[in-house]
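One structure is given here, and the rest of the page talks about it.
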Amino acid sequence: MNDLSVNGLSGLSYLPGYFSRAAQETLLEQIRAVVARAPFYRPAMPRTGKAFTVRMSNCGPLGWVSDVSGYRYQPHHPDSGNPWPAMPALLTNLWKDLAPEAPDPEACLINYYENTARMGLHQDRDEQTFEAPVISVSLGDTATFRVGGLSRKDPTKSFRLQSGDVVVLGGEARLAFHGIDRVLAGTSTLLKNGGRINLTLRRVTQPM
DNA sequence: CAGTCGCA
DNA sequence: TGAC
């Protein structure tokens, strides 16, 4: 595991190759089962209604959603109203491994990037607590990931994330600005139709 | 009225 | 839109 140095923030870790190819295949199968019950939808920006290029789903008790009225966590799919499927054990195990002190994860956002999809610089700040880290898993095509500081204007650095890599935004880096510049088409054989899936695990509510 | 997980 |  490496600590990435960006703007002097501690708590930003990069774990290349955390998941073996066999584990990636198992995880992908479990994610496919989730998405069969909670299909990808395309979120919209608050106020403007501008569509994201990324499509999203969730698993776990809460899911992150965005529409014209804002960002929020909610326990049901925005289209079907069904509760989000349970989080696969591989993901709760990952959380226990990398954040053993943190309360259980409540949300796993599933982002599907087709080749032209991007995600602008942003902070993950819709949670009620920032004590637990955000843990992110990359599957499929390699992407260029950009990380900055606690202010949007801070300088940024970019890194390539490959299938099976894990990134942890914790401690001082929990609220670091980050985003995906682009997906490098044809860099992985994991997803038959190409593209990239990113899984983001989060604690949302303050534990009792 | 600042600021935008967007866009120019 | 939400915070002021």
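Order of the sequence lines sets the chain letters (A, B, ...), proteins ahead of strands, with each chain counted from 1.
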Requested in this report: Would you mind reporting whether A:Ser138 and A:Arg196 have side-chain heavy atoms less than 4.5 Å apart?
Outcome: yes
**Report entry** Neighbour count >12 (heavy atoms, 6.0 Å) for atom CD, A:Glu29
**Finding:** no
Query - Within 6.0 angstrom of A:Asn93 CG, more than 12 heavy atoms from elsewhere - result: yes
Requested in this report: Could you check A:Thr200 against A:Val134 for side-chain contact (heavy atoms from CB on, under 4.5 Å), going step by step and ending with a plain yes or no?
Outcome: CA-CA 7 Å; A:Thr200 315; A:Val134 170; 3.3 Å; yes
Report task. Could you check whether A:Asp126 gets within reach of a base, just the sugar-phosphate, or nothing at all, counting any heavy atom under 4.0 Å? Result -> base
Requested in this report: Say whether A:Ser188 and A:Gln162, considering side chains only, have a donor N or O and an acceptor N or O under 3.5 Å apart.
Outcome: no
**Report entry** NZ/NE/NH1/NH2 to OD/OE distance under 4.0 Å, A:Asp165 and A:Arg160
**Finding:** no
Report task. Using the C1' atom on both, measure B:dG3 against B:dC7 and round to a whole Å. Result -> 14 Å
Requested in this report: Consider only side-chain heavy atoms of I, L, V, M, F, W and Y, link residues closer than 4.5 Å, and tell whether A:Tyr18 and A:Val137 are in one cluster.
Outcome: yes
Table of protein N/O atoms under 3.5 Å from nucleotides 6-8 of chain B N/O atoms:
{"unit_1": "B:dG6", "atom_1": "OP1", "unit_2": "A:Gly120", "atom_2": "N", "d": "3.4"}
{"unit_1": "B:dG6", "atom_1": "OP2", "unit_2": "A:Gly120", "atom_2": "N", "d": "2.5"}

Query raised in the report: Using 30° and 60° as the class limits, which term best fits the ring planes of A:Trp84 and A:His77: parallel, tilted or perpendicular?
Result: tilted
Report task. Using a strict 4.0 Å threshold on nitrogen-to-oxygen distance, state whether A:Asp126 and A:Arg202 make a salt bridge. Result -> no
Query raised in the report: Given the P atoms of B:dG6 and B:dA2, what is the spacing between them in whole Å?
Result: 22 Å
Requested in this report: Return the stems involving DNA chain B, sorted by first number, where pairs are Watson-Crick (N1-N3 with N6-O4 or O6-N4) or G-U wobble (N1-O2 and O6-N3), both under 3.5 Å, and runs are 3 or more long.
Outcome: none
Query raised in the report: chain A on DNA chain C: first and last contacting nucleotide, 5' to 3', under 4.0 Å to a heavy atom?
Result: C:dT1 to C:dG2
Query raised in the report: Should A:Arg174 and A:Glu127 count as an ion pair when the cut-off is N to O under 4.0 Å?
Result: yes
